[in-house]
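Beneath this line is the structure, given in structure tokens, with notes to follow.
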Amino acid sequence: MKETALVIVAAGKGERAGGAGGTAKQFRPLAGVPLWKWSASVGERLFKKQLVDECILVVPESAVEPVQKETPGWEIPFTVVPGGAERQESVLRGVRAASREYVLVHDGARPFLSCGLVERLVDSLTDEYGVVPLLPVSDALKKRGEDGAFSPFPREGLWITQTPQAFHREKLLSVLATHGGGAKDEAEAWTAAGYPLRAVRGERRNIKITWEEDFSLAELYVQRTFRTGTGYDVHPLVPGRRFILGGVAFPDFPLGFAGYSDGDVLVHAVCDALLGAAGLGDIGTLYPAGNPAFKNISSIRLLADTAKRVTESGWILEWSDSVVCAQEPKLAAFLPPMVSKMEEVLPETWRGRVHLKVKSGEHVGPVGHSHCIVCFSNATLWKPLDII
Ligand code: CTP
Ligand code: MG
């Protein structure tokens, strides 16, 4: 078994992606997840497959502490260290912090690292050879001459270099420490020191986010998984109780919901749809009647807690639709304030994704005779497949 450290460098300024004026690219979200976390998360997966034994993440000095807090529960030994002004300096600090015999140096700006690529790299790795992923150039090339004119340039024999790049750690350390600087990648410093290089097949999906438009391209590459949940609730209407629906109070309506909580059937159904989609059970189990903590509780608070649980499991709301079946009061005009009330406790990125409808009971059955109000909801959630 080769003992290997994954060193992810994410300490740059991201200037070409517009980082100078705001957040550097490695901290911007891709499908709701900070860019650095994509490859770091693959590190966790590689650890579970026993392909990698530790992960070193190199970030700007000011980000070391906040980033350290964002990897709870990972099994891979994970170290965050500050980088330097040049990429080579950041790599050097990362490789120094590593403790295994071999290192894989990876750009934090390449979110779609695959386990297959790492497997090929580790397979080819020896004490002697460095290994890099290469892709043949597929576009026609032009070269601009000193006179400014473009002329064709043969692409035969030219290769695009990706990361991770794999090396014997001690050797790479001495190579980097003695290299004059300015190397575009580790392979350049490695070959300049006279060491041999091998190639494995790179992957077209293993793109580096360099320019602003690469973020939208990367969004298209993200593989998502979707899940849908359903929710249903019914509460009897009785005198002497408050009528609160979708978090909105109707003080002039003479009936209210019988129930242990405030009996808000709409919020309950939405909670159950969300919990169902995330595979987290239902409100009856999470907030049981009989527990004094939930006696007459505002159901909006249950929705806030539900949304927190769903978000912490990595799920993002795509859409939720509900239908409230009620004879009276007339609800159509109150649907927008109900949406607003519920959205107040949902993550900001979920805004505009809750849809409500209302149906009368047509004067038949328990709904039509105002004995109860019924609500049906569904929710569709998604999350990126590659994130742990
Ligand atoms: N990098 C680093 N330390 C530096 C410079 C770069 O760790 N001093 C990292 C980047 O964070 C990135 C990877 O090296 O993950 C590849 O570099 P690049 O794409 O050039 O990123 P930036 O240098 O941040 O971007 P730019 O060159 O546009 O400023
Ligand atoms: Mg750079």
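Both counts, for ligands and for their atoms, begin at 1 and track the order of listing. Keep in mind that this is a model prediction, so the values were computed, not measured.
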Legend entry - Selected option - heavy-atom contact closest to atom 4 (C) of ligand 1, from Arg87, Lys208, Lys13: Arg87
Inset, instruction - Answer with yes or no after comparing the ring centroid distance for Phe257 and Phe243 against a 6.0 Å cut-off, counting only values under it. - result: yes
Legend entry - Heavy-atom nearest neighbour in the protein, as seen from atom 5 (C) of ligand 1, with distance rounded to 0.1 Å: Gly12 CA, 3.5 Å
Legend entry - Heavy-atom nearest neighbour in the protein, as seen from atom 3 (N) of ligand 1, with distance rounded to 0.1 Å: Ser90 OG, 2.7 Å
Inset, instruction - Taking only heavy atoms of Gly108 into account, list the atoms of ligand 1 that are under 4.0 Å away from them. - result: 15 (O)
Inset, instruction - Answer side chain, backbone, both or neither: which part of Glu89 comes under 4.0 Å from ligand 1, heavy atoms only. - result: neither
Inset, instruction - Of the side chain and backbone of Ala109, name the one, both, or neither that has a heavy atom under 4.0 Å from an atom of ligand 1. - result: both
Inset, instruction - Starting from atom 27 (O) of ligand 1, find the nearest protein heavy-atom neighbour and note its residue, name and distance. - result: Arg16 NH2, 3.0 Å
Legend entry - Region of Ala85 engaging ligand 1 - heavy atom pairs below 4.0 Å: backbone
Inset, instruction - Verify, without hydrogens or angle tests, whether Lys2 (side chain) and Val122 (backbone) share a donor-acceptor contact under 3.5 angstrom. - result: yes
Legend entry - Nearest neighbour of atom 25 (O) of ligand 1 from the list Pro82, Gly14, Gly84, on a heavy-atom basis: Gly14
Legend entry - Residue, atom name and distance, where the atom is the protein heavy atom closest to atom 7 (O) of ligand 1: Ala11 N, 2.8 Å
Legend entry - Sequence neighbours excluded, every pair satisfying ring-ring contact (aromatic ring centres under 6.0 Å, His included) that has a member inside residues 324-344: Phe250-Phe334
Inset, instruction - Before accepting this row, confirm whether a basic side-chain N of the pair Arg301/Asp305 lies closer than 4.0 Å to the acidic partner's carboxylate O. - result: no
Inset, instruction - Please confirm whether Val9 comes within less than 3.5 Å of ligand 1 when only nitrogen or oxygen atoms on both sides are compared. - result: yes
Inset, instruction - Going by heavy-atom distance to atom 26 (P) of ligand 1, choose the closest among Glu15, Glu86, Arg110. - result: Glu15
Legend entry - Short N-O contact, Asp139 and Arg155, less than 4.0 angstrom: no
Legend entry - pair Thr306-Tyr287: side-chain heavy atoms closer than 4.5 Å: yes
Legend entry - Proximity winner for atom 21 (O) of ligand 1, if only heavy atoms of Gln26, Lys25, Arg93, His106 are counted: Lys25
Inset, instruction - List the steps, then state whether salt bridge (Lys or Arg N to Asp or Glu O under 4.0 Å) holds for Arg169 with Glu3. - result: CA-CA 10 Å; Arg169 178 178 164 274; Glu3 290 260 306; over 6 Å; no
Inset, instruction - For the pair Trp38 and Phe112, name the ring-plane relationship: parallel under 30°, tilted 30 to 60°, perpendicular over 60°. - result: perpendicular
Inset, instruction - Keeping the roles fixed (side chain from Asp262, backbone from Ser299), state whether a donor-acceptor pair exists under 3.5 Å. - result: yes
Inset, instruction - Taking atom types as modelled, find out whether Lys208 and Thr210 have a side-chain donor-acceptor pair closer than 3.5 angstrom. - result: yes
Legend entry - Minimum-distance protein heavy atom relative to atom 13 (C) of ligand 1: Asp107 OD1, 3.5 Å
Inset, instruction - Give a yes/no verdict on whether any heavy atom in Gly83 is under 4.0 Å from an atom of ligand 1. - result: no
